[in-house]
K.L.:
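Supplied in structure tokens, the structure appears directly below.
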Amino acid sequence: MQLNEVRWHPLLKQWIIIAGHRGKRPWRPGERGERFCPFCPGAPETKDLGEWDVIVLPNKYPALSPTPPKPMEPGSPLFRVIDAKGVCEVLVETPKHEGDLCDLSLEHMSKVINMFKREYERLSSLPFIEYVAEFRNKGKEIGVSLTHPHSQIYALPFIPPRVAAEIESFKEYYEKTGNCLLCDILSEERRIGKRIIYENKLFTILLPYYAMWPYEVHVYPKKHLGSLADFSDEDSLYLGDALRVVTATYNMLFERDMPYIMVFHQNPSKKKLDYYHMHVEFYQPYRDKDKLKYAAGIEWGFGVFTYDGVPEVKAKELRDACKKAVDKRLDKVLGECIG
Ligand code: ZN
Ligand code: ZN
Ligand code: FE
């Protein structure tokens, strides 16, 4: 069914994207051989693009589009609805069908970051966009339907609730103290040191005090940067280094390829909030070598997370894996494991 609209959840005060056509998405076509993969060189989707390292393609099953159909019903005070107006893209990081971010060279990775930056700026300038959500899902455990390395970009007509909640906290903290919440958290984490995993000149990788997922990892810029639009080429290079280190660390942790979710939290498109500090978050669904952590009753039904384990112990496991990854897996790094 072609129904495509954005409905308001009046109890939780958040928008839900209804995308009737996405039910028909194919499941992991690349697994049957490279010639079925839409992102490999030579596929109809990419063959007119010539040589490429990193490309952005339209999402073939977009949840939002610049020219959406009209909502099924006009909406009412209780059942509000808006057009599913937005842009959904796929950012293909490499022409190679296999691998992870850590398998790209440092130079290649900084091109990837620059592409995220370019799309953040370009999509943010569209009049109907309020927020550019950039993220990467990896692994069948979290439902990734294509195996070829890729990230996604959803340019949304609203600010997502998780970012809105962060903005509220940054604002409140700034009004109370005159400081940036994340700058203060980062200097406190660096002082304590227990949860820091790796640092380069410009970024810190840590398992935050308030981790919700067992091996959750955050990447915080040491400089107060609001979004990728504030990045210099040097910032992109050092963020690229940090993202390679996180993914190599995950893949080293249980000595196999690990699934994860990576998200960029940045300023909204139309508001440059001086008190907001961009960052990258990684969530990983395993709580142990072969045990998955599920968001079930207490987490999903109530929004209360239980952390299975001790964050400081998990941080140490990650730091040990990071050391191994830096020694064995990565050809070049710009920083060092801490602790
Ligand atoms: Zn492929
Ligand atoms: Zn800051
Ligand atoms: Fe965040």
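It should be emphasised that the depicted structure is a prediction, and the values quoted were computed from it without experimental measurement. All residue numbers refer to positions in the sequence shown, counting from 1.
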K.L.:
With rounding to the nearest 0.5 angstrom, report the CD to CD1 distance, Q14 to I159.
P.N.:
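Between atom CD of Q14 and atom CD1 of I159 there are 14.0 Å.
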K.L.:
Is there a path from Y220 to F203 through hydrophobic residues (I, L, V, M, F, W, Y) whose side chains come within less than 4.5 Å of each other?
P.N.:
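No, Y220 and F203 fall in different hydrophobic clusters.
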K.L.:
Any side-chain donor paired with an acceptor under 3.5 Å for S232 and D235?
P.N.:
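Yes, side-chain donor-acceptor contact under 3.5 Å.
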K.L.:
What is the minimum heavy-atom distance between V112 and E93, and which atoms define it?
P.N.:
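That closest heavy-atom pairing would be CG1-CG, 3.8 Å.
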K.L.:
Where is the tightest heavy-atom contact between L104 and T94, given as atom of each residue plus distance?
P.N.:
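Where L104 meets T94 most closely, the heavy atoms are CD2-CB, 3.6 Å.
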K.L.:
How far apart are the closest heavy atoms of N251 and C102, and which atoms are they?
P.N.:
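Heavy-atom minimum between the residues: ND2-SG, 3.6 Å.
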K.L.:
Could you tell me whether the side chain of Y174 reaches within less than 4.5 Å of the side chain of D274, counting heavy atoms only?
P.N.:
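Of all side-chain heavy-atom pairs linking Y174 with D274, none is under 4.5 Å.
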K.L.:
Tell me whether K117 contacts the main-chain N or O of F231 through its side chain, where contact means a donor paired with an acceptor under 3.5 Å.
P.N.:
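Yes, the answer is positive, given that a donor and an acceptor are paired below the 3.5 Å cut-off.
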K.L.:
Using the test ring pair (Phe, Tyr, Trp, His ring centres under 6.0 Å), find all partners of Y276 that sit at least two apart in sequence or belong to another chain.
P.N.:
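Y276 satisfies ring pair (Phe, Tyr, Trp, His ring centres under 6.0 Å) with F170 only.
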K.L.:
Check which hydrophobic residues are tied to I298 through side-chain heavy-atom contacts below 4.5 Å, counting indirect links as well, and list them.
P.N.:
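Hydrophobic cluster check, I298: joined to F302, V304.
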K.L.:
Please check: side-chain N/O of H277 versus main-chain N/O of P221, any donor-acceptor pairing under 3.5 Å?
P.N.:
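Judged by distance alone, yes, a pair lies under 3.5 Å.
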K.L.:
Examine R256 relative to Y286 and say whether NZ or CZ is less than 6.0 Å from the centre of the six-membered ring and inside a 45° cone about the ring axis.
P.N.:
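Judged by the rule, R256 and Y286 form a cation-pi pair.
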K.L.:
First locate atom CD of E281, then atom CD of E166, and finally report the distance between them rounded to the nearest 0.5 Å.
P.N.:
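It is 5.5 Å, given to the nearest 0.5 Å.
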K.L.:
With sequence neighbours left out, what residues match F305 under side chain to side chain contact (heavy atoms under 4.5 Å, CB included)?
P.N.:
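Applying side chain to side chain contact (heavy atoms under 4.5 Å, CB included) to F305 gives M212, W213, E299.
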K.L.:
NZ of K171: more than 12 outside heavy atoms within 6.0 angstrom?
P.N.:
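For K171, atom NZ is not crowded (no more than 12 foreign heavy atoms under 6.0 Å).
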K.L.:
So, for W300 and A295, which heavy atoms are closest and what is the spacing to 0.1 Å?
P.N.:
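Heavy-atom minimum between the residues: CB-O, 3.7 Å.
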K.L.:
Are L181 and Y275 close enough that some pair of their side-chain heavy atoms sits under 4.5 Å apart?
P.N.:
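In short, these two side chains do not touch, never coming nearer than 4.5 Å.
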K.L.:
Quick check against the 3.5 Å criterion: does D100 have a side-chain atom that pairs as donor or acceptor with the backbone of T247?
P.N.:
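No; zero donor-acceptor contacts below 3.5 Å.
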K.L.:
Ignoring hydrogens and geometry, is there a side-chain-to-backbone donor-acceptor pair from R319 to C337 under 3.5 Å?
P.N.:
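Answer holds: no.
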K.L.:
Heavy-atom count check: over 12 atoms from other residues, nucleotides or ligands less than 6.0 Å from E336 CD?
P.N.:
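Not buried by this count: 12 neighbours or fewer within 6.0 Å.
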K.L.:
Return yes if some donor-acceptor pair links the side-chain N/O of K194 with the main-chain N/O of E189 below 3.5 Å, else return no.
P.N.:
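Not a single qualifying donor-acceptor pair exists.
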K.L.:
Counting distance only, does the side-chain N/O of N200 pair as donor-acceptor with the main-chain N or O of Y238 below 3.5 Å?
P.N.:
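Such a contact is found between N200 side chain and Y238 backbone.
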K.L.:
State, with a plain yes or no, whether a side-chain heavy atom of D230 is found less than 4.5 Å away from one of K272.
P.N.:
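SC-SC contact between D230 and K272 confirmed.
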K.L.:
Looking just at side-chain N and O atoms, do T306 and K293 make a donor-acceptor pair shorter than 3.5 Å?
P.N.:
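A donor-acceptor contact under 3.5 Å links the two side chains.
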K.L.:
Grouping I, L, V, M, F, W and Y whenever their side-chain heavy atoms are under 4.5 Å apart, do L243 and V92 come out in a common cluster?
P.N.:
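Unlinked, L243 and V92 end up in two clusters.
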K.L.:
What about Y260 and Y215, are their ring centers closer than 6.0 Å?
P.N.:
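Here the rings of Y215 and Y260 have centres that are no less than 6.0 Å from each other.
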K.L.:
So how far is it from E141 CD to I261 CD1, rounded to the nearest 0.5 Å?
P.N.:
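Here the interatomic distance stands at 11.0 Å.
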K.L.:
Quick one: ring pair (Phe, Tyr, Trp, His ring centres under 6.0 Å) partners of H265, sequence neighbours excluded?
P.N.:
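Ring pair (Phe, Tyr, Trp, His ring centres under 6.0 Å) list for H265, sorted by chain: H279.
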K.L.:
Counting heavy atoms not belonging to K271, are there more than 12 under 6.0 Å from its NZ?
P.N.:
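No.
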K.L.:
So does G309 get a backbone contact from the side chain of R287, meaning a donor-acceptor N/O pair under 3.5 Å?
P.N.:
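Not a single qualifying donor-acceptor pair exists.
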K.L.:
Would a hydrophobic clustering, with Ile, Leu, Val, Met, Phe, Trp and Tyr connected at side-chain separations under 4.5 Å, put F39 with M262?
P.N.:
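They do not share one cluster, since no chain of ILVMFWY contacts under 4.5 Å joins F39 to M262.
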K.L.:
Identify all side-chain donor-acceptor contacts of residues 74-83 below 3.5 Å with residues at least two apart in sequence or on another chain.
P.N.:
unit_1	atom_1	unit_2	atom_2	d
S76	OG	F79	N	3.2
D83	OD2	K70	NZ	2.9

K.L.:
Is the backbone of V90 close enough, under 3.5 Å, to the side chain of N59 for a donor and an acceptor to pair up by distance?
P.N.:
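A pair under 3.5 Å: no.
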K.L.:
If we count only N and O atoms by modelled type, under 3.5 Å, do the side chains of H150 and Q152 hold a donor and an acceptor together?
P.N.:
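Checked: H150/Q152 side chains show no N/O donor-acceptor pair below 3.5 Å.
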K.L.:
Taking the side chain as every heavy atom from C-beta outward, state whether P149 and R136 have any pair of such atoms under 4.5 Å apart.
P.N.:
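Yes, at least one pair of side-chain atoms sits under 4.5 Å.
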K.L.:
Rounded to the nearest 0.5 Å, how far apart are CG of D288 and CD of E317?
P.N.:
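The distance works out to 7.5 Å.
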K.L.:
Residues in ring pair (Phe, Tyr, Trp, His ring centres under 6.0 Å) with Y209, at least two apart?
P.N.:
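For Y209, no residue satisfies ring pair (Phe, Tyr, Trp, His ring centres under 6.0 Å) once neighbours in sequence are set aside.
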K.L.:
Between side-chain atoms of residues 125-134 and protein atoms elsewhere (two or more places apart, or another chain), which donor-acceptor pairs fall under 3.5 Å?
P.N.:
unit_1	atom_1	unit_2	atom_2	d
S125	OG	R122	O	2.7
Y131	OH	Q266	N	3.0
Y131	OH	Q266	O	3.0
E134	OE1	Q266	NE2	2.9

K.L.:
Which heavy atom of C88 sits nearest a heavy atom of A63, and at what distance?
P.N.:
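It is SG-N, 3.6 Å.
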K.L.:
Transitively linked via ILVMFWY side-chain contacts under 4.5 Å: L156 with F135?
P.N.:
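L156 and F135: one cluster.
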K.L.:
With D320, which of K323, K316, K324 fulfils side chain to side chain donor-acceptor pair (under 3.5 Å)?
P.N.:
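Single side chain to side chain donor-acceptor pair (under 3.5 Å) partner of D320 among K323, K316, K324: K316.
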K.L.:
Does D103 come within less than 4.0 Å of R329, counting only side-chain N to carboxylate O?
P.N.:
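Looking at R329 together with D103, the answer is yes, because their closest N to O distance falls below 4.0 Å.
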K.L.:
Among residues at least two apart in sequence or on other chains, which ones pass side chain to side chain donor-acceptor pair (under 3.5 Å) with D257?
P.N.:
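Applying side chain to side chain donor-acceptor pair (under 3.5 Å) to D257 gives K138.
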K.L.:
About how many Å separate CD1 of I196 and CZ of R190, when rounded to the nearest 0.5 Å?
P.N.:
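One finds 7.0 Å between CZ of R190 and CD1 of I196.
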K.L.:
Kindly give the heavy-atom pair with the smallest separation between A315 and L207, and that separation in Å.
P.N.:
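In this case the closest contact between A315 and L207 is N-CD1, 3.9 Å.
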K.L.:
For residues N267 and M278, determine if any side-chain heavy atom of one lies less than 4.5 Å from a side-chain heavy atom of the other.
P.N.:
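No, their side chains stay 4.5 Å or more apart.
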K.L.:
Out of curiosity, does V246 fall in the hydrophobic cluster containing L106 (side-chain heavy atoms, cut-off under 4.5 Å, transitive links)?
P.N.:
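Linked, L106 and V246 end up in one cluster.
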K.L.:
Could you list the residues that satisfy ring pair (Phe, Tyr, Trp, His ring centres under 6.0 Å) with F116, not counting sequence neighbours?
P.N.:
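Residues passing ring pair (Phe, Tyr, Trp, His ring centres under 6.0 Å) with F116: F264.
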K.L.:
Strictly by side-chain hydrogen bond (donor to acceptor under 3.5 Å, both in side chains), give each pair with a member in residues 3-12 just once, sequence neighbours left out.
P.N.:
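For residues 3-12: E5-R7.
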K.L.:
So for atom NZ, which belongs to K111, do other residues, nucleotides or ligands contribute more than 12 heavy atoms lying within a distance under 6.0 Å?
P.N.:
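Result for NZ/K111: open.
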K.L.:
Quick one, S110 and D233 - any side-chain contact, counting heavy atoms below 4.5 Å?
P.N.:
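No. Closest side-chain heavy atoms not under 4.5 Å.
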K.L.:
Should V87 and P66 count as side-chain neighbours, where that means a heavy-atom distance under 4.5 Å?
P.N.:
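In contact.
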K.L.:
Just jot down the side chain to side chain contact (heavy atoms under 4.5 Å, CB included) partners of A321, sequence neighbours excluded, or say none.
P.N.:
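Expected list: T249, M252, L253.
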K.L.:
Using the test side chain to side chain donor-acceptor pair (under 3.5 Å), find all partners of D184 that sit at least two apart in sequence or belong to another chain.
P.N.:
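For D184 the side chain to side chain donor-acceptor pair (under 3.5 Å) partners, ignoring immediate neighbours, are Y173, N179.
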K.L.:
Give a yes or no on whether W52 atom CH2 has more than 12 heavy-atom contacts from other residues, nucleotides or ligands under 6.0 Å away.
P.N.:
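Yes.
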K.L.:
Would you check if E199 and L206 make a side-chain contact, meaning some heavy-atom pair closer than 4.5 Å?
P.N.:
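Result no, sub-4.5 Å side-chain heavy-atom pair not found.
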